[in-house]
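Each ligand, and each atom within it, is numbered from 1 in the order the structure gives. When a residue number appears, it is its place in the shown sequence, counting from 1. Note that these values count all heavy atoms, side chains included, but never hydrogens, waters or copies made by symmetry.
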Amino acid sequence: MSNNGVNNKIDVLIVGAGIAGATLAANLAKTGKNIVVIERDLSERDVIIGELLQPGGVQKLGEMGFTSFIDHIDAQPVYGYDILFEDRDYLIPYPNKNGEPCGFGFRNGAFLQNIRKHILTQRNIRVIEGTVTRLIEDGDTITGVSYKRKLAADEESLNAHLTVVTDGPLSKFREKLSKPANKINGYFLGLLLKNCKMPFPNHGHLVMGDHPPMVIYPVTSTSWRVLIDFKGEKPPRLGRDFRKFLMDEFEQAIPESARPAFIAAVEEGKFKTFPNHRLPASPIKKERAVLLGDALNMRHPLTGGGMTAAFNDVLRLSNNLKSVSDFSNIRQLGKAIQKFYETRHLGTQTTNILADGLYGVVYNPDLRKAFFEYVSRGDKYAEETCSLLAGLNKDKKLLLNHFIAMARYGAQLKINAEKPGVVVAESITMVKDAVGIITPLLLSEKPDPGNKLMLEALNRIV
Ligand SMILES: Cc1cc2nc3c(=O)[nH]c(=O)nc-3n(C[C@H](O)[C@H](O)[C@H](O)COP(=O)(O)OP(=O)(O)OC[C@H]3O[C@@H](n4cnc5c(N)ncnc54)[C@H](O)[C@@H]3O)c2cc1C
């Protein structure tokens with residue numbers, strides 16, 4: 001179908017039925033809007049991304065009425081994290097005193113198919129399997145898209161009152177709607193451990209030491225996902241010596257009960273890699289368009305925060321759009337989008353700062369030890385840190401306080417354990433390093449009145 005004029009019947013056209021796009025379609029459909037979703041591949045994907053949904057993300061799904069998306073896919077409840085550091089470990093449960101949900105591990109493809117199945121049954125959503133090739137622009141307004149249906153040769157076009165671009169981490173269209181400052185800071189290598197036991201069933205495991213960090217969590221009742229970080233702009237070379245390298249570098253760091261499964265996975269050699277980006281959100285306002293999901297904003301996946309951030313955004317954008325009675329009204333629509341861009345950091349900034357902050361910490365030997373010792377104190381040191389990681393607590397000041405307190409605690413331990421004169425300089429460096437990690441992260445989030453005070457406090461520390 002070709003449509004060169006304004007098709008007044010399409011309220012919202014969504015580019016990409018991934019985690020953000022498909023959930024947005026499902027949520028907006030409840031308001032009766034007429035929605036078209038264009039997705040290049042509707043088959044179940046086999047990926048290593050988006051397999052641990054933090055409790056904060058589950059909470060947002062619940063607020064939208066969509067926790068059933070987690071049903072019937074052998075998803076595993078996740079109750080907290082075991083932090084492994086050298087030969088020690090410390091278990092931190094997610095908060096659950098006030099009825100907070102747990103997290104869930106699952107295969108991302110199965111979860112996404114549940115969301116897609118739902119939108120395919122909605123009468124006011126039309127799903128087209130095809131690849132969007134171009135955003136149609138009229139000056140500063142996006143009026144729709146051109147696309148090619150799967151296996152078709154000809155291009156078609158559709159116009160809509162609102163185009164939502166949510167084409168994921170490798171977005172082709174983000175440069176039209178934002179200043180694309182994405183930086184690859186490494187790659188995750190994914191392996192699947194089958195039929196094994198980890199120290200704590202139904203928990204995530206963060207493994208730190210003199211090797212690159214690993215995260216391990218259950219994704220079905222019989223399998224655990226292992227993600228190993230490879231720093232740098234190039235993916236690891238999966239050549240002949242790679243299996244030996246994996247064994248030499250990581251086998252001993254894997255908990256003993258899971259080592260046979262690790263060895264089997266390495267021997268099987270079904271490796272998958274995916275780039276890890278950092279992309280602070282810097283949208284460019286265009287009429288009738290909005291950028292969402294990883295196309296807009298990315299953080300390191302070490303803390304599994306991407307889907308939680310996406311669901312926060314989906315809910316916020318949908319709520320703002322509820323106030324728009326007529327999507328043909330460009331002013332009303334523009335106001336709702338502007339408000340979304342101006343307020344979305346309230347739902348996502350702690351997730352973003354913590355993800356890249358912790359990534360900095362695990363590569364700094366002193367800070368990584370400090371982090372382990374700090375959370376091992378239990379009490380609020382573990383509980384509040386975990387509530388931030390879970391995406392349940394969004395208090396930026398609390399995050400900053402813990403981050404700096406962690407570095408100070410580590411510095412103090414170092415001074416107590418060794419000759420003060422010798423290590424005092426190193427201890428000061430530790431606190432400076434922590435400030436150096438967190439300051440740019442704080443600056444890249446949208447400023448709010450608290451930011452200035454926090455930056456002043458950080459300056460006083462260094
Ligand atoms: C290695 C890694 C591990 C991660 N692990 C976790 C985790 O455990 N927990 C977590 O919460 N987050 C995790 N994330 C982040 C999470 O996966 C993302 O935040 C989330 O998937 C973003 O959703 P999205 O809808 O923006 O992108 P996607 O889910 O990737 O969806 C984009 C969709 O757009 C479609 N598309 C793209 N281009 C076009 C086009 N031109 N036309 C039509 N369709 C198109 C794609 O086919 C896809 O379906 C991880 C990320 C990485 C890199």
Side-chain angles (χ1 to χ4, degrees), residues 13-25 36-45 47-58 60-61 78 103-109 111-113 115-116 119 127-135 145-150 163-174 182 184-190 204 206 215-219 225-230 235 272-279 281 291-314 348 351-352 355 389-391:
L13 195 160
I14 299 175
V15 180
I19 295 296
T23 311
L24 179 72
V36 170
V37 181
I38 306 180
E39 165 56 48
R40 69 179 167 202
D41 185 358
L42 285 169
S43 61
E44 182 166 331
R45 63 190 190 184
V47 289
I48 61 168
I49 67 168
E51 295 189 305
L52 174 66
L53 181 59
Q54 294 289 355
V58 178
K60 291 294 153 197
L61 268 188
V78 174
F104 281 92
F106 41 61
R107 291 308 318 274
N108 178 280
F111 176 59
L112 182 55
Q113 286 313 90
I115 312 176
R116 288 175 175 173
I119 64 173
V127 181
I128 298 171
E129 189 164 33
T131 299
V132 172
T133 51
R134 191 168 65 91
L135 302 183
V145 305
S146 296
Y147 66 100
K148 266 188 193 168
R149 282 176 196 268
K150 200 170 182 181
T163 300
V164 181
V165 175
T166 173
D167 57 344
L170 308 177
S171 170
K172 182 171 157 187
F173 300 115
R174 68 163 60 98
N182 51 318
I184 291 186
N185 44 27
Y187 285 74
F188 259 159
L189 174 87
L206 170 63
V215 279
I216 310 176
Y217 39 78
V219 289
R225 168 65 68 209
V226 181
L227 293 174
I228 305 178
D229 190 62
F230 285 81
K272 277 183 184 288
T273 58
F274 204 92
N276 299 327
H277 293 90
R278 175 166 139 69
L279 172 66
L291 193 62
L292 191 71
D294 274 16
L296 171 67
N297 183 202
M298 288 184 280
R299 75 293 308 151
H300 199 280
L302 184 72
T303 52
M307 295 187 293
T308 296
F311 291 149
N312 268 279
D313 276 353
V314 165
T348 56
T351 297
N352 288 344
L389 175 80

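Residue contacts with ligand 1, taken as heavy atom pairs separated by less than 4.0 Å, involve Ile38 solely via the backbone atoms N, CA, C and O. Of the heavy atoms in Met307, both backbone and side-chain atoms come closer than 4.0 Å to ligand 1. Contact annotation for Tyr147 and ligand 1: no heavy atom of the residue comes within less than 4.0 Å of the ligand. Only the backbone of Pro275 comes within 4.0 Å of ligand 1, counting heavy atoms alone; no side-chain atom from C-beta on gets that close. Neither the backbone nor the side chain of Ala310 has any atom closer than 4.0 Å to an atom of ligand 1 (non-hydrogen atoms only). Contacts of Lys272 with ligand 1, taken as heavy-atom pairs under 4.0 Å, are absent altogether. With a 4.0 Å cut-off on non-hydrogen atoms, His277 does not touch ligand 1 at all.
Ligand-side atoms of ligand 1 in range of Tyr217: 8 (O), range being under 4.0 angstrom from any heavy atom. The distance from ligand 1 to the heavy atoms of Ile48 drops below 4.0 Å at these ligand atoms: 3 (C). Taking every non-hydrogen atom of Pro169 and a distance limit under 4.0 Å, the qualifying atoms of ligand 1 come out as 27 (O), 30 (O). The distance from ligand 1 to the heavy atoms of Phe188 drops below 4.0 Å at these ligand atoms: 1 (C). Heavy-atom contacts of Thr131 reach the following atoms of ligand 1: 41 (N), 42 (N) (cutoff under 4.0 Å). Distances below 4.0 Å separate heavy atoms of Pro301 from the following atoms of ligand 1: 2 (C), 3 (C), 4 (C), 50 (C), 51 (C), 52 (C). Near Gly293, meaning under 4.0 Å from any of its heavy atoms, are these atoms of ligand 1: 26 (O). Near Asn276, with a cut-off below 4.0 Å to any heavy atom, the atoms of ligand 1 are 1 (C), 53 (C).
Protein heavy atom in closest approach to atom 27 (O) of ligand 1: Gly168 CA, 3.4 Å. Looking only at protein heavy atoms, the nearest one to atom 9 (N) of ligand 1 is Leu52 O, 2.7 Å. Residue, atom and distance of the protein heavy atom nearest to atom 5 (N) of ligand 1 are Gly50 N, 3.1 Å. Nearest non-hydrogen protein atom to atom 43 (C) of ligand 1 is Arg40 N, 3.4 Å. For atom 41 (N) of ligand 1, the nearest non-hydrogen atom of the protein is Val132 O, 3.1 Å. The closest protein non-hydrogen atom to atom 47 (O) of ligand 1 is Glu39 OE2, 2.7 Å. Among all protein heavy atoms, the one lying closest to atom 31 (O) of ligand 1 is Gly18 CA, 3.2 Å. The protein heavy-atom contact nearest to atom 29 (O) of ligand 1 is Arg45 NH2, 2.9 Å.
Classified by interplanar angle (parallel below 30°, tilted 30° to 60°, perpendicular above 60°), the ring pair Phe106/Phe111 is parallel.
For the pair Leu53 and ligand 1, no heavy-atom separation below 4.0 Å is found. Put simply, part of Glu51 is less than 4.0 Å from ligand 1, judged by heavy atoms. Contact annotation: Arg116 has at least one heavy atom less than 4.0 Å from an atom of ligand 1.
The nearest pair of heavy atoms linking Lys172 to Val132 is NZ-O, 4.3 Å. The shortest non-hydrogen separation linking Val37 to Ala25 is CG2-CB, 3.7 Å. Minimum interatomic distance between Asn182 and Leu279 (heavy atoms only, all atoms of both residues): N-CD1, 3.5 Å.
Of the polar atoms of Ile49, none of the N or O atoms is found under 3.5 Å from an N or O of ligand 1, judged by distance alone. Between Asp294 and ligand 1, an N or O atom pair is found at a separation short of 3.5 Å. Considering backbone and side-chain atoms alike, Ala20 places an N or O below 3.5 Å from some N or O of ligand 1.
A distance of 10.0 Å separates CZ of Arg174 from CG of Asn297, quoted to the nearest 0.5 Å. To the nearest 0.5 Å, atoms CD1 (Ile128) and CD1 (Ile14) are separated by 12.0 Å.
No option in Asp294, Asn108, Leu61 other than Asn108 meets the side chain to side chain contact (heavy atoms under 4.5 Å, CB included) test with Met307.
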Inset, instruction - Output, in order, the C-alpha distance, side-chain angles, deciding distance and verdict of salt bridge (Lys or Arg N to Asp or Glu O under 4.0 Å) for Glu51 and Arg107. - result: CA-CA 6 Å; Glu51 295 189 305; Arg107 291 308 318 274; 2.6 Å; yes
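Using a 4.5 Å heavy-atom threshold, the side chains of Asn276 and Phe230 count as separate.
Within the 3.5 Å criterion, the main-chain N or O of Leu112 finds no donor-acceptor partner in the side chain of Glu44. No donor-acceptor pair closer than 3.5 Å links the side chain of Asn185 to the backbone N or O of His300.
Residue Gly306 holds the heavy atom nearest to atom 12 (N) of ligand 1 of all those in Ala22, Gly105, Gly16, Gly306.
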